[in-house]
Each structure stands twice: as structure tokens, then as C-alpha cells.
Amino acid sequence: MILKENNIEINNSIISGNHMYDFLNRLFPICRSITGDGVRETLKIIQKDIPIKIFEVPSGTKVFDWTVPKEWNIKDAYILDEEGNKIIDFKKNNLHVLGYSVPVDKYLELDELQEHLYSLEQQPDAIPYITSYYRERWGFCISQKQRNQLKKGKYRVYIDSELKDGHLTYGELLIPGETEEEIFLSTYICHPSMANNELSGPVVTTYLAKWIINTSRKYTYRIVFIPETIGSITYLSNNLNIMKKNIIAGFNITCVGDDRTYSYLPSREGNSLADKVALNILSYKHPDFVSYTYLDRGSDERQYCSPGIDLPVASVMRSKYATYPEYHTSLDDLDLVTPSGLFGSYDLLKDCIKLLERNEKYKINCLGEPQLGKYGLYPTISTKETRNNVRDMMNFIAYADGINDLVDISNKIDVPVWQLYSLIEKLKEHGLLSIVEKT
């Protein structure tokens, strides 16, 4: 593995933030929802890059306290004024239609039409993203500026959509490791054209999967691309027992595409291995990160960490959902995400995975301090740099008691874990360090 600035080499192929951004750009025009052909099209594009399996769950299926809804698809939608001008056109921006709108074709006076329009007074240039999944209605989303310009008269409203018994669709990738213990990565594919809130997650997750597939690994990886909320509930209802048995850590991957400050949202109790790892990596790589509490949750961590499920899942993000002004509007566009933002999140989550793979409880194999000099581990010439290296090694040895794991030791001696990796290998090569086997 050859790391370079803003790119990575996998099997002689350079992967960069630009590759991720181009991939996001391809997915951006697709109209997705919690069900339907947009989800299928998105998964099939992802499937060309990584070998996900695509599953379909019929409408009406009971999943815990929920029921898989009817499938929704849309072909076209618009509003015409009295002169026949399209003042709203779904084909120009798929956020213009209220998600899950039932079909309609009628003429309305402006006062009647206003009851079916949604806009944001505080963001007059933005088209809001609005849905009505579980109650049948129809509507259009419009900028407040455009809404203010509507004139009295008769308007034709047209939505060519279909709401029928069908399926909920999701993708799954299982990458086997040396053990059955699993690392879980989850991201969602259920929003239309929004770049950071929707597409940054599946894009970064796809490239993480590419890297994992081409890397030696101890753990098995369970990676899912699902509709938010109903998708995670459906997936859990089908896989809960094996997930509770095998998953040791997981991350919900969303809002990872902009260049703003990193964010962290813990699991319900905040004491899982995923929490420990995320906090350690963030504290050394991006110490200015914003830390939230579980009370600030809003994505699929709600399901993964709910009572009785209690999976060790945390979230590492850039601008957290519902906190940045472009969230759930047309302003969350291709200008908001950047190649460097995508690659930075990818690199951070990759570091978390590397730490999970290397995190062990280590125990020094001799009583007292080992005589490092006879192993060639103590410098014959003392400089400031060599003193620091020896100090880190001796501090690591001081806490390698079979009780502290690597994250604990890093935190105690205030040294980033990646600076300890080579040190550990040297101690192991000379028979000075052992891994404490799990019981």
C-alpha cells in the first residue's frame, strides 16, 4: 500500500479524491427514494465497482414494529401556468416533487395550489427536500423567491408517479477475513440529488470497500447500502442474531463530503470499541473536531444502537446532518462537496479500520525492562530524535501489561497509534512482545 497526498495506490491503480468526486457526479442526477428504480439504478452502478449483492424485500413485510411500504416510482412532474410555461420541472431538479407524491393531473387556482407547495422563507433561493412516505398526498417543492412571483390564475399540476406493491431494495457486501468477528459499515441510498447528505456516504463507503478487498485483514467486513431508517430496520430484522454475535465495531457513514470540520457522534452509551477508535484517531489527526452526544442522533445509529439491538456503532462525519445550512435543500449540491473533502473522510475512516485491525492487548515477555541494547533497539548515539523514539518504546513497554489495548496505550502515553505500529513490529521480531489471546 503506497500512500500519497490526496490519493492512494491499490493494485497499481491510483485512487484519488477526484475519482470519488467523479463517481458522486455520476450518481447525482438519479432520483432516489426509500424504494424504487432510483435505488436499483444506484446499486447497479455501485455493483460495477464492488461485488455487492442486491436484495429485495416485498411491500407489506413486517419488520419489527414497521411494515415495508409500497414502492414509489416517478417519471415526470411539472406545473404549467396559464400561458403553458413550465414554472416547475421535475426533470430539471428532482427535489421539486414531494417525495412519494401520488399521481395527479388537474387544474387549480393559485390559492388551491398554495396548499400543495413547500418552500423555506429563511432560505429564499433553496428548494427544500420534503417527503411524505407514510401518508398519501402530493405536492411540489419550490424556492420561496419563485413562490413569491406566482400570479393569480389557473395552473395545471401534473405528477406521473406510481405507488404500488413492490419491494424495498438494498445492497450488501460481505468480505471474509481470518475470523468471523465483523466490522460493520452502513450507508444510505434513499435521497434524491443531494451531494453531502446523500451521496458522500455511499461514495466513500464504496472506495473503502475497494481498499478493504485489496488489503490483508483479520476481520470480516459487513457493508450495507440501504434506505435510511426503514432500510436499517429491515436489514436488522433479517440479520440481527448474527450481527449481535459477530460485530465488534461499526460506523454509520454519512455527510462525509465537504471541507468543513469533522464531527463525531457516539453510540448510545459512548463506550464501544468504535467510539474508542474514532476518538483516538480524531484527537490526533483532527483535534478541532466537533463532538456531539447521542441525544443529537438522527440517522441509522438510532436503529443500530436502540435498546435490545445495542450494536457498537458510532458516526464520524464532516458537517453533521441537520447542522449545516445547505442540509436537505438544493444547496447541498456538487459545489458543496469536494475531492479533498471526500478523500479526507475516506482517509480518516481508513485509519479507524487500520486501528481496529491492529488493536490488541499486548504483553511484554520479560520481567523488568528489557535490555534493548542487546537487541539493537537502543541507539549507540543519543540525539533528540533517538531519545524520543526510545522514550516512546519504553513508555509503550511500561503499559504493555496484557490489560491495556493499543488504543489505551496510545491514549496513556500520548502517542498516535500509527507511530506505534513499527515499534510493535520491532518488539515482536525480537520476541519481546506477545498478543494476549482473547478468551
Flag for Thr206-Asp49: side-chain donor and acceptor within less than 3.5 Å: no
Distance only, no hydrogens: is a donor on one side chain within 3.5 Å (strictly under) of an acceptor on the other, for Asn197 and Tyr324? no
Would you call Leu117 and Ile79 a side-chain contact if the rule is heavy atoms closer than 4.5 Å? yes
Salt bridge present between Glu56 and Arg40 (N-O < 4.0 angstrom): yes
Pairwise distance CG(Leu356) to CG(Leu273) - rounded to 0.5 angstrom: 5.0 Å
Ile142 and Pro128 have their tightest heavy-atom pair at O-CD, 3.6 Å
List for me each residue that meets side-chain hydrogen bond (donor to acceptor under 3.5 Å, both in side chains) alongside Lys145, sequence neighbours excluded, and say none if there are none. Asp125
Please check: side-chain N/O of Asp76 versus main-chain N/O of Lys91, any donor-acceptor pairing under 3.5 Å? no
Close side-chain approach of Ile281 and Val417, heavy atoms under 4.5 Å: yes
Please determine which of Ile248, Ile353, Ile175 meets the side-chain contact (heavy atoms from CB on, under 4.5 Å) test together with Tyr219. Ile248
Nearest heavy-atom contact between Ala195 and Asp333 is CB-O, 3.2 Å
Treating Arg137 as the side-chain partner and Ser132 as the backbone partner, does any N or O pair qualify as donor plus acceptor under 3.5 Å? no
Provide the closest heavy-atom pair for Ile159 versus Ser101 in the form atom of the first, atom of the second, distance. CD1-CB, 3.8 Å
Please identify each residue that fulfils salt bridge (Lys or Arg N to Asp or Glu O under 4.0 Å) with Glu162, with sequence neighbours left out. Lys164
Considering all heavy atoms of both residues, which atom of Val256 and which atom of Ser200 are nearest to each other, and what is their separation? N-OG, 2.9 Å
Please answer whether the main-chain N or O of Ile52 pairs with a side-chain N or O of Gln47 as donor and acceptor at a distance below 3.5 Å. yes
Using 30° and 60° as the class limits, which term best fits the ring planes of Tyr346 and Phe343: parallel, tilted or perpendicular? tilted
Note, Leu331 side chain near Leu336 side chain (heavy atom, < 4.5 Å): no
Go through the structure and list residues passing side-chain hydrogen bond (donor to acceptor under 3.5 Å, both in side chains) with Thr42, not counting sequence neighbours. Arg32
Could you pull out all residues at least two apart from Tyr294 that satisfy ring-ring contact (aromatic ring centres under 6.0 Å, His included)? none
Using atom types as modelled and distance alone, determine if a side-chain donor or acceptor of Asp259 lies under 3.5 Å from a backbone N or O of Gly341. yes
Between the main-chain N or O of Ala126 and the side-chain N or O of Ser143, is there a donor-acceptor pair closer than 3.5 Å? no
For the CD atom on Gln122, are there more than 12 heavy atoms of other groups (residues, nucleotides or ligands in this structure) within a distance under 6.0 Å? yes
Would you say the side-chain atoms of Thr187 pair up with the backbone N or O of Ile253, donor to acceptor, closer than 3.5 Å? yes
Would you mind reporting whether Glu228 and Ser299 have side-chain heavy atoms less than 4.5 Å apart? yes
Sequence neighbours excluded - ring pair (Phe, Tyr, Trp, His ring centres under 6.0 Å) pairs with any residue from residues 160-201: Phe55-Tyr170, Tyr129-His191, Tyr170-Tyr235, Phe184-Tyr304, Tyr188-His191, His191-His328
Nearest 0.5 angstrom please: Cys255 SG to Lys320 NZ, how far? 8.5 Å
Salt bridge (Lys or Arg N to Asp or Glu O under 4.0 Å) partners of Lys412, counting only residues at least two apart: none
To the nearest 0.5 Å, what is the distance between CG (Asp81) and CD1 (Ile88)? 11.0 Å
Applying salt bridge (Lys or Arg N to Asp or Glu O under 4.0 Å), name anything that partners Asp408, two or more places apart in sequence or on another chain. Lys276
Evaluate whether atom NZ of Lys92 has more than 12 neighbouring non-hydrogen atoms of other residues, nucleotides or ligands under 6.0 angstrom away. no
Okay, side chain of Asn85, backbone of Ile87: is any donor-acceptor separation there less than 3.5 Å? no
Main-chain N/O of Asn73 paired with Ser33 side-chain donor or acceptor, under 3.5 Å: no
How would you list all residue pairs meeting salt bridge (Lys or Arg N to Asp or Glu O under 4.0 Å) that involve residues 287-310, not counting sequence neighbours? Arg268-Asp310
Stepwise side chain to side chain contact (heavy atoms under 4.5 Å, CB included) test for Tyr362 and Ile435: CA-CA 5 Å; Tyr362 293 99; Ile435 295 173; 3.6 Å; yes
Tell me, yes or no, whether the heavy-atom count around Lys86 atom NZ, taken from other residues, nucleotides or ligands under 6.0 Å, exceeds 12. yes
Taking side-chain hydrogen bond (donor to acceptor under 3.5 Å, both in side chains) as the test, write out the residues that go with Glu425, two or more places apart. Arg358
More than 12 heavy atoms of other groups within 6.0 Å of Lys244 NZ: yes
Separation between CG (Asp347) and CG (Leu208), nearest 0.5 Å, reads 9.5 Å
Which donor-acceptor pairs under 3.5 Å do side chains of residues 107-115 form with protein atoms, sequence neighbours excluded?
unit_1 : atom_1 : unit_2 : atom_2 : d
Glu112 : OE1    : Glu109 : N      : 3.2
Gln114 : OE1    : Arg147 : NE     : 2.8
Gln114 : OE1    : Arg147 : NH2    : 3.1

Supply the atom-to-atom distance Ile409 CD1 to Asp414 CG, rounded to the nearest 0.5 angstrom. 14.0 Å
Residue list, ring-ring contact (aromatic ring centres under 6.0 Å, His included) with Tyr284, at least two apart or on another chain: none
Do His286 and Tyr264 come within less than 4.5 Å of each other through their side chains, counting heavy atoms only? no
Look up atom CD1 in Ile127 and atom CZ in Phe140, then write down how far apart they are to the nearest 0.5 Å. 12.5 Å
Are side-chain heavy atoms of Val63 and Ile230 found at a separation under 4.5 Å? yes
For Phe28, I'd like to know if atom CZ has over 12 heavy atoms of other residues, nucleotides or ligands within 6.0 Å. yes
Looking at residues at least two apart in the chain, or sitting in another chain, which of them share a side-chain hydrogen bond (donor to acceptor under 3.5 Å, both in side chains) with Gln303? none
Only one of Glu178, Glu357, Glu360 clears salt bridge (charged side-chain N to carboxylate O under 4.0 Å, His left out) with Lys218; which? Glu360
Less than 4.5 Å apart, side chain to side chain, heavy atoms only: is that true for Ile403 and Lys361? no
Contact between Val436 and Asp405 at the side-chain level, heavy atoms closer than 4.5 Å - yes or no? no
I'd like to know if the side chain of Tyr100 and the backbone of Lys70 have a donor-acceptor N/O pair within less than 3.5 Å. yes
Looking at every heavy atom in both Ile74 and Cys31, which two are closest together, and how far apart are they? CG2-SG, 4.1 Å
For Ser119 and Gln144, does a side-chain donor sit closer than 3.5 Å to a side-chain acceptor? yes
Whether the side chain of Arg222 engages the backbone of Glu172 through a donor-acceptor N/O pair (distance < 3.5 Å, no angle test) should be reported. no
